[in-house]
K.L.:
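Got a structure here, written out as structure tokens. Questions coming.
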Amino acid sequence: MFRRWFLCFIAVQLTCVAAPPAVEQQARALQTVLRQADDAYYNQNRSVMSDAAYDALRKQYDQLLADYPELAAANPVGAPVDGSARRVTHDASVLSLDKVYSDKEVGRFLQQTGTNLLYCIEPKIDGLTVILRYRNGQLVQALTRGDGKIGVDITPAVLASGMVPSALTNAPTQLDVRGEALLPLPAFESLNRRRAESGQAPLKNPRNIASGTLMLTDYTEIARRRLEFQCFELLATDSLPSTHTAALALVKKAGLSVVESVAVPSTDVLAAIEDLNRRRATFHFITDGIVIKVDDLAVRDRLGATAHHPRSAIARKYEETPVQTRLLSVDWSRGTTGKLTPVARFEPVEIQGATVQSATLHNLDHLRSMDLKIGDWINVIRSGGTVPEITGICPERRTGQETAIPDPAE
Ligand code: IVH
């Protein structure tokens, strides 16, 4: 009798292995994405994602339910996602970077950190920090930086975005990484084309779009925006390598994209910065500087951090030095919906290796806010190293000969 009761007890225990919190999180995230994909497909006759992507996520979810049957009961279909439930305290403070604006300050940083070391030089991508946690190759959590102490759980949005694989086939048991979510420039342009076609104003800044996108709960829209992820830091893994270069190689081998990074001795740091600077306009994403990091992770740990930034890395920010030129005309370009966008034409100028002669003025309000006149001397930059942008006029160079910008011909 006792033996039968005992066997029953063991059988119940075996079928009710509690899911670890990370698995629960993953199940919740997968369920959110799948629920919306199903709703779109069955109720609205549209597809949120490709069949292959859907099948891969569905397979993972079914496997989780097979392994942990109680998850199905814990995550009833239709359970609302509570905003406050999405706030997560980070394991360790998510620090920022100290910024410098000159080669002299870079020299000071090299001296303070040791000089006789290798330094990694990387583009500073202008997107938003995302922290990813993989367990046994499965993406179980994605977080924003938030205030550095508390972030927001954006796992469903990251899964829907397709910016990283939901399952890695070659990953260590634990893989926690930090990287940048970004909107590639071609995706930015196609998003604005799509908006123009439906009569919406163009969006100005790929960084804001990337962060806004990951806060959406419309997973169809998230998937359409084609965000990308590039890892720039390995936070934790089964056995940490001894250099940042090896850490990025490990992350890459596990199946994630990593930022371009080159390790050089201190004597070559300025040349490596210059080289990245020259190639900046060829990147398919916006950068707002260059990051210089100590490669040796033991030295990094020894140097430690302030409450705000590590002492082993800095951001060399670009000065977006404006170039002056003269405004020749303002043309109006009409989108397919009939909406007019003002486009400035100016005397061609060379900025960071490219000749530019026109820039969008976005809309009538933007144009009026600048108080532009034909013949004005204007300041032009290549915003984020690529997109021509008029930042203002040079009022002191006005002669009185400037003329008002004609209204668009109807
Ligand atoms: S390293 C401890 N590397 O810049 C700080 N950051 O102002 C580790 N960023 O919040 C950051 N590209 O989101 C690092 N190659 C890169 C980066 C990068 C972009 C962002 C990152 C960070 C911000 C710091």
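Just so it is clear, the values below take in all heavy atoms, side chains as well, and ignore hydrogens, waters and symmetry mates. Both ligands and their constituent atoms are indexed starting at 1 by order of listing.
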K.L.:
Is it true that Asp376 and Arg326 have a side-chain N and a carboxylate O under 4.0 angstrom from each other?
P.N.:
no

K.L.:
With sequence neighbours left out, what residues match Asn116 under side chain to side chain donor-acceptor pair (under 3.5 Å)?
P.N.:
none

K.L.:
Can you name the side chain to side chain donor-acceptor pair (under 3.5 Å) partners of Ser166, sequence neighbours left out?
P.N.:
Gln60

K.L.:
Which residues pass the salt bridge (Lys or Arg N to Asp or Glu O under 4.0 Å) test with Asp62, sequence neighbours left out?
P.N.:
Arg58

K.L.:
Can you list every protein residue that has a heavy atom under 4.0 Å from any atom of ligand 1, sorted by chain and residue number?
P.N.:
Leu95, Ser96, Leu97, Glu122, Pro123, Lys124, Ile125, Thr129, Arg178, Glu180, Phe232, Glu233, Val291, Lys293, Pro310

K.L.:
Determine whether the side chains of Thr113 and Tyr119 contain a donor N or O and an acceptor N or O closer than 3.5 Å.
P.N.:
yes

K.L.:
Taking the side chain from Thr360 and the backbone from Val343, do they hold a donor-acceptor pair closer than 3.5 Å?
P.N.:
no

